[in-house]
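Notes to accompany the following structure.
Below, chains carry the letters A, B, ... as their sequence lines are ordered, and counting in each starts from 1.
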2 protein chains.
Amino acid sequence: MSPTNNATRRRRPTIHDVAREAGVSRGTVSRVLNGGRHVSPAAAEAVNAAIRRTGYVVNRHARSLITGRSGSVAFLLTEPQERFFEDPNLGVLLRGCTQALAAHDIPLLLMIAGSGAEQRRITRYVSAGHVDGVLLVSSRTGDPMAETLVRAGLPVVMCGRPVGRATGLAHVAADDRGGARQMVRHLLHTGRRRVATVTGPLDTPGGVERLAGYREVLAEAGLPADEDLVETGDYSHDGAAAATARLLARRPDLDALFVASDLMARGALAALERAGRRVPHDVAVGGFDDSTAAVASRPGLTTVRQPWDRISSEMVRVLLARMAGEDTSAVILPTELVRRESA
Amino acid sequence: MSPTNNATRRRRPTIHDVAREAGVSRGTVSRVLNGGRHVSPAAAEAVNAAIRRTGYVVNRHARSLITGRSGSVAFLLTEPQERFFEDPNLGVLLRGCTQALAAHDIPLLLMIAGSGAEQRRITRYVSAGHVDGVLLVSSRTGDPMAETLVRAGLPVVMCGRPVGRATGLAHVAADDRGGARQMVRHLLHTGRRRVATVTGPLDTPGGVERLAGYREVLAEAGLPADEDLVETGDYSHDGAAAATARLLARRPDLDALFVASDLMARGALAALERAGRRVPHDVAVGGFDDSTAAVASRPGLTTVRQPWDRISSEMVRVLLARMAGEDTSAVILPTELVRRESA
DNA sequence: CTGAAAGCGCTTACAG
DNA sequence: CTGAAAGCGCTTACAG
């Protein structure tokens, strides 16, 4: 049938071969494999030697069948597909999670739930016990999958603070509000007083929290709340350019602009250039993310770094803890202001 | 032990429950599950109804244990980690493969082999039969994993033409040479005669093939081969900027530049701007990829589109064919010239 | 077309 | 500490 699959490959050694080779029972081999409790040093030694000689590798399917655990974890993305093109953080996150799991010898299943049909298919698959836990990435609120998975009894850890229904979902996030505060405070320190903002979508944690941080700092500085200085963006380059143009139309005197992502900040820079504003001379611009877009930007973008490498490793740590029955909940990680030319 | 894992979840129905419910034997249920050969319509009907009533979902571990197939596929990346940051095509490819496999209900395991230790770990895992096939992405030549996996009897499909030892490895690739030919021909059509190029690394197919296309077209046009017009880049923004500066130093009169990737073309544009050259007036610039970088670039980048969505679907199609024992080999897909302002 | 039975490779109480 | 045995949930010849 499948020449490459079966005929070619020779039979792999089983636990039985190892037991015979080591002169012990299969039970003893299994005990060595699973931590070596209740095994004499001599027996353990003999088994390990036999494993080396035979090249034995455990058959995970057999193990899973009896333990009821799959030994794998899902990285579930419930995003409109464009994010994969646009958001470089996603790649960093995915890589970080893959490698953190690899250190525990746990494979990562990548699942992308765009359409409703895909969501149902994945829910079925995951609920059937094919993975032991889920790393969930979905910026939008009201994502029905989070609740579904939790109700199915699956350990779930989200990336980012869940907006909307406060399910007490475990999550790992950067301190969005604190990061926004750092940036706006910096803009005020450079002497700006008419600080506008282009927010993220207000059904995303980044949208809500960064706007909140912006408002807090302005209020603390005794500056009036002015809704003319606030525009909502959609995390896209062009959307932010349009939002910036609207801000300039309403408030031609604005002297600083806090944009809730680097990609959007690039759009804002383009709009400012078209409007003849010099950056940072006329308008100081601050972004968020410290993505490659921030470095490549001209002028270089002053921005807020999110600790993506730590976010991924913490997500894995929390998920493994939950899979072991512990009840860790939220982890919030600090951000860092990165100064370049734009502000 | 694990409250979220076991206690909470109730026992899932097995094939035995379905058989009892349908009033048939477990063998018959299994036959219905596996295509319904040798099953009477009445029995199939009863089984399907019972599956619906019980909410039965097959236990893949049990199935795998007996069939010897895992029902999953690996997406294996053997890249220096930066590519995940820099190359947006990778995300598109990964998403495309995930979804093409999902249509066949085949989960994708993401594996990233950076270090040698990781390569060995993954080789062991994969060779142990934990996946049925491998989608391999590694632009560098001489990747030892490809050969190792093939020798282990695993169906493998590479993304991009394998450079170096011609193992007759199955692969899917864009027509790099043809794409380069389209671009250089276009530059000549606009009246340019001193066409320089920044290549990709010459141990990558994109580096080798796009350079070959460039040379072919110049030769066909009767232009002299001039090695002063050729610089090797490293697929990075800054590397390409430096390469462009070297070209300008050697050949200040160059009037066109073919850059082997959009990201590098951005670097080239920056270098040209620093040197006071206007694009396209003084120097026409062409990129490769049609990535988001091409759209965001100012001026908009004329480039060559690679059909990434088709590449991913073809990779999956060829891999599934190989897993079924068929012997498909290479698929080369056509590229398309995308005209914007830079050339 | 269908049932009874063997067996995939492992883990885990249960005795000793 | 260790072995013998049961059993996880399926698939697949083998008879009928």
Side-chain angles (χ1 to χ4, degrees), chain A residues 1-2 5-6 9-48 50-51 54-72 105 128-130 132, chain B residues 1-2 5-6 9-48 50-51 54-72 105 128-130 132:
Chain A
M1 191 66 76
S2 168
N5 249 342
N6 301 317
R9 268 186 260 173
R10 37 176 154 17
R11 197 178 72 82
R12 273 186 286 274
T14 73
I15 206 174
H16 189 255
D17 300 313
V18 176
R20 183 161 16 79
E21 184 83 11
V24 298
S25 74
R26 290 175 294 153
T28 298
V29 174
S30 178
R31 279 177 212 109
V32 173
L33 250 32
N34 292 285
R37 310 301 314 148
H38 311 297
V39 178
S40 68
E45 178 66 20
V47 167
N48 283 129
I51 287 175
T54 56
Y56 171 79
V57 177
V58 67
N59 181 323
R60 292 188 172 223
H61 303 308
R63 172 180 285 175
S64 291
L65 180 55
I66 193 153
T67 63
R69 281 174 285 107
S70 74
S72 64
D105 214 39
H130 294 320
D132 297 337
Chain B
M1 191 65 74
S2 167
N5 249 345
N6 302 318
R9 267 186 261 171
R10 38 178 154 15
R11 195 178 72 80
R12 271 186 286 277
T14 73
I15 206 173
H16 189 254
D17 300 313
V18 174
R20 184 161 16 77
E21 184 83 11
V24 299
S25 73
R26 292 176 293 153
T28 298
V29 174
S30 179
R31 278 177 214 114
V32 172
L33 251 30
N34 292 285
R37 309 305 313 150
H38 310 298
V39 178
S40 67
E45 177 66 19
V47 168
N48 282 130
I51 288 175
T54 55
Y56 170 79
V57 177
V58 68
N59 181 320
R60 292 188 171 223
H61 305 307
R63 172 180 287 175
S64 291
L65 180 55
I66 191 151
T67 62
R69 281 173 285 109
S70 74
S72 64
D105 215 39
H130 293 321
D132 297 337

Practice prompt. Identify the two heavy atoms, one from B:Thr14 and one from B:Tyr56, that lie closest to each other, and give their separation to 0.1 Å.
Written response: C-CE1, 3.5 Å
Say you draw a straight line from [atom1] of [X] to [atom2] of [Y]; how long is it, rounded to the nearest 0.5 Å?
{"X": "A:Asp17", "Y": "A:Arg26", "atom1": "CG", "atom2": "CZ", "result": "11.0 Å"}
{"X": "B:Thr54", "Y": "B:His16", "atom1": "OG1", "atom2": "NE2", "result": "13.0 Å"}
{"X": "B:Ser64", "Y": "B:His130", "atom1": "OG", "atom2": "NE2", "result": "11.0 Å"}
{"X": "B:Arg60", "Y": "B:Leu65", "atom1": "CZ", "atom2": "CG", "result": "15.0 Å"}
{"X": "A:Arg63", "Y": "B:His61", "atom1": "CZ", "atom2": "NE2", "result": "12.0 Å"}

Protein-nucleotide distance ([X], atom [atom1]; [N], atom [atom2]), rounded to Å:
{"X": "B:His61", "N": "D:dC10", "atom1": "NE2", "atom2": "C1'", "result": "12 Å"}
{"X": "A:Leu65", "N": "C:dT12", "atom1": "CG", "atom2": "C1'", "result": "13 Å"}
{"X": "B:Arg12", "N": "D:dC10", "atom1": "CZ", "atom2": "C1'", "result": "15 Å"}
{"X": "A:Glu45", "N": "D:dC1", "atom1": "CD", "atom2": "C1'", "result": "17 Å"}

Discussion item. Taking B:Asp132's backbone N and O only, do any of them form a donor-acceptor pair with B:Arg69's side chain (distance below 3.5 Å, no angle check)?
Written reply: no
Item to complete: Answer yes or no: is there a donor N or O on one side and an acceptor on the other, between the side chain of A:Arg12 and the main chain of B:Ala128, under 3.5 Å?
Response: yes
Worksheet item: Roughly how far apart, to the nearest Å, are D:dT2 and D:dA6 at atom P?
Response: 22 Å
Practice prompt. Please measure how far the P atom in D:dA5 lies from the corresponding atom in D:dC1, and state the result in whole Å.
Written response: 23 Å
Worksheet entry | Residues touching DNA chain C, which here means a heavy atom under 4.0 Å, drawn from residues 13-20 of chain A | A:Thr14, A:Ile15
Atom pairs and distances, side-chain donor-acceptor, residues 38-48 of chain A, under 3.5 Å, sequence neighbours left out:
residue : atom : partner : partner atom : Å
A:Ser40 : OG   : A:Ala43 : N            : 3.2

Discussion item. Can you list everything that forms a side-chain contact (heavy atoms from CB on, under 4.5 Å) with B:Ser72? Sequence neighbours excluded, please.
Written reply: B:Ser70, B:Pro107, B:Leu109, B:Val131
Response to the item:
Sequence neighbours excluded, the answer for side-chain contact (heavy atoms from CB on, under 4.5 Å) partners of B:Ala50 is B:Val18, B:Glu21, B:Ala22, B:Arg53
Worksheet entry | Side-chain N or O of A:Asn59 closer than 4.0 Å to phosphate OP1/OP2 of C:dC10 | no
Worksheet item: Pairing of DNA chain C as dot-bracket, 5' to 3': ( ) intra-strand, [ ] crossing, | other strand, . unpaired, with Watson-Crick or G-U pairs under 3.5 Å?
Response: |||.||||||||.|||
Worksheet item: What string of B, S and - do you get for nucleotides 2-7 of chain C 5' to 3' if you count protein non-hydrogen atoms under 4.0 Å?
Response: BBB--B
